[in-house]
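Remarks on the structure that follows.
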Protein chains: 2
Amino acid sequence: MSRSGADLALLLLSGYRSLVDATTDELAAQGFADFRPVHEFAMRAIAAGADNASELGRRLSVSKQAAAKVIAVLLDRGYVTRDADPRDARRKRLQLTPLGASVLRQGEAVLQARREEWARRIGAAELAALEERLSVLVGDAVVRPGAPAWRGDDPAEAR
Amino acid sequence: MSRSGADLALLLLSGYRSLVDATTDELAAQGFADFRPVHEFAMRAIAAGADNASELGRRLSVSKQAAAKVIAVLLDRGYVTRDADPRDARRKRLQLTPLGASVLRQGEAVLQARREEWARRIGAAELAALEERLSVLVGDAVVRPGAPAWRGDDPAEAR
DNA sequence: CACAGTAGACAACCAGGTTGTCGAACGCCA
DNA sequence: TGGCGTTCGACAACCTGGTTGTCTACTGTG
């Protein structure tokens, strides 16, 4: 075999970082400073229906307390609003603000632009094949983004 | 395009996690509990010549204080030793113990086994092609494993 | 031989997770 | 109707793993 398992892991991590860091930088340049991937992910979940803290925690595979902290940041930044749920007085209903929706759109656009750049570099068909194989390998192992950061924080062998 | 940029990022992250989490679990099962990727990475750097805290910090793209904390753990576990450097009294020279070397070997073996399983699943040639394309895309963007965990901690869109 | 720079120790701090506890509200069921 | 287990969100304490800043000892160079 030409490559080691450690190299493979490192390649995957580097690819991910390369996409995500570029997105973070782009968004910062567009005026959304301190906007982190986890914020984008949380807002996406909110937009997809996780409109209260407990549910958001479940979707992010994180405790509801951790979710509440993220929500506090999003509220502070004006990306979401929180108001009483008329049907369940225990809940606070979360909603994206127009500003929040626009961050989400821009994030997606930047990520998409990066993907298109990759497609130009190796060819659209090659990129599609890469995605196809990866998704076969990963299978149903859905990633839990917020999850214990200490799992998968490094790689092994960085050169 | 069939897939979004967010999906691509998620695939890469999931692939990485899948490899690394399996390795961590395997090592734990083999008696190396609480052995984390960052430990493996640090030991690898030490073995590769980063035999003092400051240098280790540089290789891991982390402050020397952070490196010192990792070293403290490795010392405590008996994976490395630290003794005076005869040529520079400021330095403490780090060395892997036989135990440390064996963890490293086992970690590499487990990772390699995972890679071979992947090769069986999609074919060795396909896997090699995937690695080749990824490495073209990633290019010289060397990953900094220990680095700010908040970069690249999430993906975007988890289903 | 002075002095700028480096190694490592120590302390304070911060971010972002965790668990545990609590009061209020809900929903089911006798 | 009422009781009771469950859920929501808040709050507090704590842990981990980074950070910066400061200090002393030592090095090596002009």
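By convention in this document, chain letters (A, B, ...) are assigned in the order of the sequence lines, proteins followed by strands, and residues within each chain are numbered from 1.
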Over all strands shown, is [X] touching base, sugar-phosphate only, or nothing at heavy-atom distances under 4.0 angstrom?
X     : result
A:R93 : nothing
A:S54 : sugar-phosphate
B:K92 : sugar-phosphate

Practice item. Give the minimum heavy-atom separation between B:K64 and B:S54, together with the two atoms involved. Key: CD-OG, 3.8 Å

Check your understanding: Would you say the base of D:dT27 and the side-chain of B:R90 have a donor-acceptor pair closer than 3.5 Å?
Key ->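 By the distance-only test, no, there is no pair.
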
Whole angstroms only, please: what is the [atom1]-[atom2] distance between [X] and [N]?
X     : N      : atom1 : atom2 : value
A:I71 : D:dG9  : CD1   : C1'   : 10 Å
A:E55 : D:dT6  : CD    : P     : 19 Å
A:D51 : D:dG9  : CG    : P     : 9 Å
B:K64 : C:dT6  : NZ    : P     : 10 Å
A:Q65 : D:dA13 : CD    : C1'   : 12 Å
A:K69 : C:dC14 : NZ    : C1'   : 11 Å
A:D83 : D:dG9  : CG    : P     : 12 Å
B:R91 : D:dC26 : CZ    : C1'   : 11 Å

On the nucleotide [N], are OP1 or OP2 found under 4.0 Å from the side-chain N or O atoms that [X] carries?
X     : N      : result
A:S63 : C:dT18 : yes
A:R58 : D:dC8  : yes
B:R87 : C:dA7  : no

Any non-hydrogen side-chain atom of [X] less than 4.5 Å from a side-chain atom of [Y]?
X      : Y      : answer
B:L96  : B:M43  : yes
B:R115 : A:S4   : no
B:D7   : A:E131 : no

Review point. Within the side chain of A:R82, is there an N or O that forms a donor-acceptor pair under 3.5 Å with the backbone of A:A72?
Key: no

Practice item. Hey, which sits more toward the 5' end of DNA chain C by its nearest nucleotide, A:V70 or A:A89? Key: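 Whichever sits nearer the 5' end wins; that is A:V70.
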
